[in-house]
Novice: 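Encoded as structure tokens, here's the structure I'll be asking about.
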Amino acid sequence: MTTNKVLDSAVLAVQCDMEATGVAGRLGFDTPEWDDLGYLRVEYKGRYSSLGLRENEAHEPVATLVLIADLAQAVIAEQEGKIWPTCPAHALGLHPKQAGGAALWTCKGGGGHAVAAIGKLENGA
């Protein structure tokens, strides 16, 4: 955990989605030793996000949740070798998106639709 409540809340929400959909392992933040600038990066099973964040900066909650979901999705895909999460109706990969002031997992199938709020996925997604 960090000292930044927005970052911590975002990673916990995505962790809830991981647990709900059967992705084992813990999501967190770490600064890898190769990062000379000291950025926090989303970490999953020893893999790090390409984009880093500053803990001591202000982060807008909804945009940060979308960003953390996107970064987590990338490191999970790299580590596990699979697309996560997927739409239960279309079996397509979901995309984190900010819409109407909310952070959502969205699907491009069937003309595009929201599947769930980030942090609220249910088993099967």
Side-chain angles (χ1 to χ4, degrees):
M1 287 296 170
T2 70
T3 60
N4 188 305
K5 291 181 186 196
V6 172
L7 294 177
D8 289 344
S9 293
V11 84
L12 289 173
V14 177
Q15 182 70 49
C16 286
D17 287 344
M18 291 168 56
E19 291 169 4
T21 58
V23 176
R26 303 300 303 163
L27 192 66
F29 289 106
D30 196 11
T31 302
E33 40 183 79
W34 48 261
D35 186 337
D36 296 335
L37 299 175
Y39 284 98
L40 285 175
R41 295 177 187 271
V42 173
E43 186 271 334
Y44 173 74
K45 293 185 177 181
R47 300 280 181 168
Y48 297 94
S49 62
S50 58
L51 181 69
L53 301 132
R54 290 276 185 207
E55 180 176 1
N56 59 352
E57 290 179 353
H59 298 278
E60 193 282 319
V62 175
T64 300
L65 182 51
V66 170
L67 174 62
I68 298 303
D70 187 51
L71 295 174
Q73 187 177 43
V75 295
I76 289 168
E78 184 177 330
Q79 181 67 24
E80 300 296 333
K82 67 179 185 178
I83 296 170
W84 174 87
T86 57
C87 176
H90 300 105
L92 298 171
L94 297 179
H95 304 276
K97 180 178 180 180
Q98 184 172 343
L104 304 171
W105 287 112
T106 62
C107 174
K108 293 184 179 181
H113 62 101
V115 173
I118 296 173
K120 303 292 183 184
L121 278 177
E122 295 180 6
N123 197 2

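Along the sequence shown, the residues carry numbers beginning at 1.
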Novice: Does the cation-pi check pass for R54 over Y39, that is, NZ or CZ under 6.0 Å from the six-membered ring centre and within 45° of its axis?
Specialist: yes

Novice: Side chains of V42 and V14, heavy atoms from C-beta outward: is any pair under 4.5 Å?
Specialist: no

Novice: Between N4 and E55, which heavy-atom pair has the shortest distance, and what is it?
Specialist: ND2-O, 2.8 Å

Novice: Can you tell me if D30 uses its side chain to pair, donor with acceptor, with the backbone of P32 under 3.5 Å?
Specialist: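 Absent.
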
Novice: Give me each pair satisfying ring-ring contact (aromatic ring centres under 6.0 Å, His included) with a member in residues 57-83, each pair once, sequence neighbours excluded.
Specialist: none

Novice: Return the CG to OG distance between L65 and S9, rounded to the nearest 0.5 Å.
Specialist: 9.0 Å

Novice: Using a 3.5 Å cut-off and no angle test, enumerate the donor-acceptor pairs between side-chain atoms of residues 101-119 and protein atoms at least two apart in sequence or in another chain.
Specialist:
from, atom 1, to, atom 2, distance (Å)
W105, NE1, D17, OD2, 2.7
T106, OG1, H95, O, 2.9
H113, NE2, H90, ND1, 3.2

Novice: Under the side-chain hydrogen bond (donor to acceptor under 3.5 Å, both in side chains) rule, collect the residues that match up with E19, sequence neighbours excluded.
Specialist: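 Scan of E19 (side-chain hydrogen bond (donor to acceptor under 3.5 Å, both in side chains), adjacent residues dropped) gives Q15, R26.
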
Novice: Can you name the closest pair of heavy atoms from F29 and L7 and give their distance?
Specialist: CE1-O, 3.5 Å

Novice: Return the minimal non-hydrogen interatomic distance between M18 and L27, and the atom names on each side.
Specialist: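 The answer is SD-CB, 3.8 Å.
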
Novice: Can you confirm whether I83 is buried at CD1, in the sense that more than 12 heavy atoms of other residues, nucleotides or ligands lie under 6.0 Å from that atom?
Specialist: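 No, because the 6.0 Å sphere around CD1 of I83 holds 12 heavy atoms or fewer from other groups.
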
Novice: What's in the same ILVMFWY side-chain cluster as W34, cut-off under 4.5 Å, chained through other members?
Specialist: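 Listed partners: Y48.
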
Novice: A side-chain contact here means heavy atoms from C-beta on lying under 4.5 Å apart; do V23 and Y44 qualify?
Specialist: yes

Novice: Checking K45 now: which residues fulfil side-chain hydrogen bond (donor to acceptor under 3.5 Å, both in side chains) with it, not counting sequence neighbours?
Specialist: E80

Novice: Indicate every side-chain donor-acceptor pair of residues 70-79 with a distance under 3.5 Å to a residue at least two apart or in another chain.
Specialist:
from, atom 1, to, atom 2, distance (Å)
Q73, NE2, W84, O, 2.9
Q73, NE2, L94, O, 2.7
E78, OE2, R47, NH1, 2.8
Q79, OE1, R47, NE, 2.8

